[in-house]
Amino acid sequence: MYLESDDSIARCSQGLLGSPIFRDNADYVRTQLIYTLLQEDKLARLHVIANFLLLDGRAEEGTFRRMISEGCFVRLLELIRGCGEQDVRLHRLLLQLMYEMVRIEHLRTEDLLQVDDDFVTYLFQIIESLSDDASDP
């Protein structure tokens, strides 16, 4: 596989960010990658797309705002729920992407209503599973 590590995926994303294609057509490239995120199911492709959108959004916060307006929050909820067992690296990346999105832009009410008790419990379970101390609050 060409992009086997997080570093190779990050280098690929950085290459696209610095490319003439992206510089000359940034909005179009972002649009295509956002729509691909909304439709793609293959984990390897999602990893590359999510990594790029995370890096781009950190440099250009408008990317995160656009992702929320296009419905990516609900899609990320679905992907996070579905990929945790299959791909831990992608799962972590999707959580980072979601965090950065909501840190930059307030969620719409209809998006926030998609976060149910099961998802909140799931996040708490992730936190608990990473703790080595059972009495750690």
Side-chain angles (χ1 to χ4, degrees):
M1 182 177 187
Y2 174 66
L3 300 172
E4 292 182 11
S5 70
D6 290 342
D7 288 340
S8 62
I9 293 171
R11 280 192 305 274
C12 177
S13 294
Q14 288 292 349
L16 178 56
L17 283 169
S19 72
I21 290 173
F22 185 72
R23 273 195 314 270
D24 296 342
N25 305 288
D27 287 336
Y28 179 77
V29 173
R30 282 185 189 109
T31 298
Q32 293 306 310
L33 289 173
I34 288 170
Y35 289 147
T36 302
L37 175 69
L38 292 170
Q39 299 173 2
E40 185 61 60
D41 289 324
K42 293 185 179 178
L43 299 183
R45 291 180 185 170
L46 285 167
H47 203 118
V48 173
I49 293 163
N51 187 283
F52 176 82
L53 290 171
L54 180 62
L55 291 176
D56 182 45
R58 286 178 175 165
E60 175 58 50
E61 292 178 354
T63 299
F64 293 141
R65 289 183 183 93
R66 175 97 188 274
M67 290 175 67
I68 289 174
S69 71
E70 295 292 340
C72 288
F73 181 79
V74 174
R75 174 67 172 151
L76 288 175
L77 279 173
E78 295 169 5
L79 291 170
I80 289 167
R81 286 180 174 143
C83 81
E85 301 283 322
Q86 299 172 356
D87 190 332
V88 175
R89 291 182 334 164
L90 177 60
H91 187 259
R92 184 180 71 240
L93 181 61
L94 294 172
L95 284 168
Q96 288 174 323
L97 183 57
M98 179 183 277
Y99 168 77
E100 292 293 337
M101 282 173 50
V102 300
R103 184 180 67 80
I104 296 302
E105 183 74 16
H106 291 285
L107 291 176
R108 301 176 301 195
T109 302
E110 60 267 20
D111 289 340
L112 194 54
L113 290 172
Q114 299 300 313
V115 179
D116 58 10
D117 291 345
D118 290 338
F119 186 73
V120 174
T121 301
Y122 173 68
L123 292 176
F124 283 135
Q125 288 171 344
I126 292 170
I127 293 167
E128 287 293 320
S129 71
L130 298 174
S131 174
D132 292 334
D133 183 3
S135 63
D136 182 13

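Because the structure is predicted, anything quoted here is derived from the model rather than measured.
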Using only atom types and a distance under 3.5 Å, with no angle test, would you say the side chain of N25 pairs donor to acceptor with the backbone of I21? yes

Would one find more than 12 heavy atoms of other residues, nucleotides or ligands at under 6.0 Å from atom CG of D24? yes

d(R65 CZ, H106 NE2) to nearest 0.5 Å is 10.0 Å

Could you walk me through whether E100 and R103 pass side chain to side chain contact (heavy atoms under 4.5 Å, CB included), step by step? CA-CA 5 Å; E100 292 293 337; R103 184 180 67 80; 2.8 Å; yes

d(S13 OG, L55 CG) to nearest 0.5 Å is 5.5 Å

Gap separating the CD atom of Q32 from the CD1 atom of I49, nearest 0.5 angstrom: 11.0 Å

Looking only at heavy atoms, which two atoms of L33 and F52 are closest? And how far apart? CD1-CD2, 3.1 Å

Identify, with sequence neighbours excluded, every residue that meets side chain to side chain contact (heavy atoms under 4.5 Å, CB included) alongside V120. V115, F124

Taking atom CZ of R89 and atom CG of L43, what is their separation to the nearest 0.5 Å? 11.0 Å

Going only through I, L, V, M, F, W and Y residues with side-chain contacts under 4.5 Å, is there a path from L123 to L113? no

With sequence neighbours left out, what residues match L112 under side chain to side chain contact (heavy atoms under 4.5 Å, CB included)? L107

Interatomic distance, E61 atom CD to D56 atom CG [nearest 0.5 angstrom]: 11.5 Å

Do you know the tightest heavy-atom contact between F64 and I104? CD1-CG1, 3.6 Å

Taking all heavy atoms of I34 and all of T63, pick out the closest pair and write down the distance. CD1-O, 4.4 Å

Please indicate whether R58 has more than 12 foreign heavy atoms, meaning atoms of other residues, nucleotides or ligands, lying under 6.0 Å from its CZ. yes

Name all residues meeting the ring pair (Phe, Tyr, Trp, His ring centres under 6.0 Å) criterion together with Y28; count only those two or more places apart in sequence or in a different chain, and write none if there are none. none

Identify each donor-acceptor pair in which a side-chain atom of residues 67-76 lies under 3.5 Å from a protein atom, sequence neighbours left out, and give them as a table.
| from | atom 1 | to | atom 2 | distance (Å) |
| --- | --- | --- | --- | --- |
| S69 | OG | R66 | O | 2.9 |
| E70 | OE1 | Y35 | OH | 3.2 |
| E70 | OE2 | R66 | NE | 3.4 |
| R75 | NE | L37 | O | 3.0 |
| R75 | NE | L38 | O | 3.4 |
| R75 | NH2 | E40 | O | 2.2 |
| R75 | NH2 | D41 | OD1 | 3.2 |

Can you list every pair that meets ring pair (Phe, Tyr, Trp, His ring centres under 6.0 Å) and has a residue in residues 84-105, with sequence neighbours left out? H91-Y122

Output the distance between atom CE (M98) and atom CG (L94), rounded to the nearest 0.5 Å. 8.0 Å

With sequence neighbours excluded, residues passing salt bridge (Lys or Arg N to Asp or Glu O under 4.0 Å) with R81: D116

What pair of heavy atoms forms the shortest contact from L54 to L93, and how long is it? CD2-CD1, 3.7 Å

